[in-house]
Amino acid sequence: MAAVIEGIGAWLPPRIVTNDDLCTTLDSTHEWIETRTGISERRMVSEGMSTRDLAVEAGVRALKSAGAATVDAVVLATTSFDRLCPAVAPEVAHLLGLGTVPAFDLTSACSGFLYGLATSGGLIASGVADRVLFIGAEAFTTLVNPEDRGTAPIFGDGAGAVVLRRGDADEPGALGVFDLGSDGARADLLAIPAGGSRQRSASAGLGHDTVPVEDWYLRMEGRPLFQQAVERMAESSRGVLDRTGWSVADVDWFVGHQANVRIVNAVADELELARDRVAVNIGRVGNTLAASVPLLLNDIAHTGALRPGHRVLLSAFGAGLSWGSTVLTWPDIPVEAVR
Ligand code: COA
């Protein structure tokens, strides 16, 4: 028994923000951002649009790709919730017309798609569900300080989704072994300090806010994260390749989390993987956290670069710290373009 991908879909909000757009208010340049990150533009939600809306759009497309009208559960990976409570997934299930199925959110930042695949596969393995809609959706730019040149250029909004069904381990689309890990000793390298139980606003009834405004925004230490991202993704990738019995030469596509093109290339170099097998779309989407890997899969499958039968290595790394990798053989499923 295995969880098998039977549909994929993705969606980007229509608002395109170029590096030049950002630099009208940010102390940076298009050249710096593109050279240091590989990003030229990203999408951002407009006023009134939230993670829920992105998730629904990606969900519709994944269900259509799978030819599925119903699922037994909805799992949503996000680190940019619509509200602190409740989870986004139940509302997404409702809006998709999926009724009262089990639905919950999972938070693992940029490795959310890998953690979510493993969790969704687990629902199938445990008999809770035969078919799961799993979505990674993020409106994370709403949590980034637009005046912080260290973080504002990096992130973008978007969503990607897959439908998983119960199937056999030797079928195309079957999820392989997983390598997942975390390092909470480095939790502060990428964090939004306020809004949770540790540091929340005490303003209710007091007429003032005790939390400094910058604590509501993302704080990031770029350099140590860069190094950790390369180390962890390379090690984790090697782990799943070894356990699967694949050599690096067996990998047709490395689909790594799009945090920085230099990170993805450095992981490929560590693995001694040729650049023409490294999938990249960060230039037009930025870092979309849990949506990054499915957006990229959707992109390369739609262009025909990723074809049925290709062997794919997926790997991601993010806040927590957390990371994960898996492998699969790409199935023959319809894929719609993401504009
Ligand atoms: N525009 C212009 N200059 C900038 C800048 C910007 N947007 N951001 C930083 N700089 C400057 C810094 O102030 C610094 O100047 P100094 O040398 O005078 O002090 C210089 O550029 C180098 O800064 P540094 O932070 O060392 O740059 P970097 O090459 O490490 O690139 C990141 C910064 C954030 C792009 C890079 O560290 C990165 O991608 N890290 C990983 C982030 C990540 O993966 N986050 C999500 C985890 S999933």
Side-chain angles (χ1 to χ4, degrees), residues 17-42 77-80 107-116 136 138 140-141 143-158 160 180-192 217-237 255-270 278 280-283 285-296 314-325:
V17 179
T18 65
N19 291 346
D20 283 336
D21 293 336
L22 277 185
C23 294
T24 57
T25 53
L26 201 65
D27 178 20
S28 187
T29 60
H30 165 71
E31 289 69 30
W32 193 96
I33 298 169
E34 196 175 49
T35 315
R36 304 307 294 167
T37 69
I39 301 167
S40 304
E41 61 183 46
R42 74 286 295 142
T78 188
T79 304
S80 34
T107 303
S108 202
C110 299
S111 59
F113 196 74
L114 270 296
Y115 270 78
E138 305 278 4
F140 197 76
T141 62
L143 304 174
V144 172
N145 183 347
E147 290 171 8
D148 176 11
R149 69 177 184 170
T151 54
I154 293 173
F155 295 94
D157 302 328
L180 301 172
S182 77
D183 177 7
R186 292 184 168 91
D188 290 339
L189 290 183
L190 191 79
I192 300 171
Y217 287 125
L218 174 75
R219 282 192 196 161
M220 185 178 90
E221 290 186 45
R223 279 201 180 181
L225 271 176
F226 190 111
Q227 185 213 337
Q228 284 290 314
V230 176
E231 236 173 70
R232 297 300 188 182
M233 279 203 275
E235 193 181 296
S236 176
S237 295
V255 176
H257 168 57
Q258 305 284 289
N260 184 323
V261 74
R262 293 187 294 132
I263 292 177
V264 180
N265 286 339
V267 174
D269 292 348
E270 283 283 317
V278 178
V280 175
N281 71 349
I282 192 171
V285 297
N287 178 350
T288 57
L289 295 92
S292 172
V293 166
L295 269 166
L296 182 53
L314 306 179
S315 189
F317 167 89
L321 303 179
S322 60
W323 57 87
S325 305

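Remember, it's a predicted structure, so these values are computed and weren't measured experimentally. Sequential numbering from 1 along the given sequence is applied to the chain's residues. Counting convention: from 1, in listed order, for ligands and their atoms alike.
The only option from T288, T141, N19 that meets the side chain to side chain donor-acceptor pair (under 3.5 Å) definition with R42 turns out to be N19.
In this structure, the separation between OG on S236 and CZ on F317 is 11.0 Å, given to the nearest 0.5 Å. To the nearest 0.5 Å, the span separating CD1 on I39 from CG on N281 amounts to 10.5 Å. Atom OG in S28 sits 4.0 Å away from atom CD1 in I33 (nearest 0.5 Å). Note that SG of C110 and CD of E138 are 7.5 Å apart. Values are rounded to the nearest 0.5 Å. Taking OG from S292 and CD1 from I282, the interatomic distance works out to 7.5 Å, rounded to the nearest 0.5 Å. In this structure, CG on L225 lies 7.5 Å from CD1 on I263, to the nearest 0.5 angstrom.
Using a 4.0 Å threshold on non-hydrogen atoms, atom 32 (C) of ligand 1 does not count as touching the protein. Atom 18 (O) of ligand 1 lies below 4.0 Å from none of the non-hydrogen atoms of the protein. Under the 4.0 angstrom criterion, atom 21 (O) of ligand 1 counts as having a protein heavy-atom contact. There is a protein heavy atom less than 4.0 angstrom from atom 29 (O) of ligand 1. Of the protein's heavy atoms, at least one falls inside 4.0 Å of atom 48 (S) of ligand 1.
Proximity of I154 to ligand 1, defined as any heavy-atom pair under 4.0 Å, is confined to the side chain (atoms from C-beta onward). When non-hydrogen atoms are compared, ligand 1 lies under 4.0 Å from the backbone of S28 as well as from its side chain. The proximity of I263 to ligand 1, defined as any non-hydrogen pair under 4.0 Å, is limited to the side chain. Residue N287 touches ligand 1 through its side chain alone, judged by heavy-atom distances below 4.0 Å.
Classified by interplanar angle (parallel below 30°, tilted 30° to 60°, perpendicular above 60°), the ring pair F140/F155 is tilted.
Taking a cut-off of under 4.0 Å to the non-hydrogen atoms of A259, the atoms of ligand 1 that pass are 44 (O). Annotation for ligand 1: atoms under 4.0 Å from non-hydrogen atoms of H257 are 48 (S). Each of the atoms 48 (S) of ligand 1 lies under 4.0 Å from some heavy atom of C110. Of all atoms in ligand 1, numbered sequentially from 1 with element shown, those under 4.0 Å from a heavy atom of F317 are 48 (S). Residue-ligand proximity, R262 to ligand 1, at heavy-atom distances under 4.0 Å covers atoms 28 (P), 29 (O), 31 (O). Close contacts between ligand 1 and G318 involve ligand atoms 48 (S) [criterion: under 4.0 Å to a heavy atom].
The closest side-chain heavy-atom distance from L296 to Q258 is below 4.5 Å. Taking the side chain as every heavy atom from C-beta outward, I154 and N260 never approach each other to under 4.5 Å. Side chains of L143 and L218 form no contact here, defined as non-hydrogen atoms less than 4.5 Å apart. Using a 4.5 Å heavy-atom threshold, the side chains of P153 and T37 count as separate.
Remark: minimum distance from atom 38 (C) of ligand 1 to any protein heavy atom is reached at N260 ND2, 3.6 Å. Ranking protein heavy atoms by distance to atom 24 (P) of ligand 1, first place goes to R223 NE, 3.9 Å. Among all non-hydrogen protein atoms, the one lying nearest atom 42 (C) of ligand 1 is M220 CE, 3.7 Å. The closest protein non-hydrogen atom to atom 8 (N) of ligand 1 is W32 CH2, 3.3 Å.
Some N or O of R36 is nearer than 3.5 Å to an N or O of ligand 1, by distance alone. For the pair G222 and ligand 1, the shortest N or O to N or O distance falls below 3.5 Å. At least one N or O atom of R149, backbone or side chain, sits closer than 3.5 Å to an N or O atom of ligand 1.
Residue contacts with ligand 1: A229 is excluded, as none of its non-hydrogen atoms falls under 4.0 Å.
Other residues, nucleotides and ligands contribute more than 12 heavy atoms inside 6.0 Å of the CG atom of D183.
The option from V261, T37, L22, I33 that lies nearest to atom 35 (C) of ligand 1, judged by heavy atoms, is T37.
A pairwise comparison of heavy atoms in L26 and A152 identifies CD2-CB, 4.1 Å as the closest pair.
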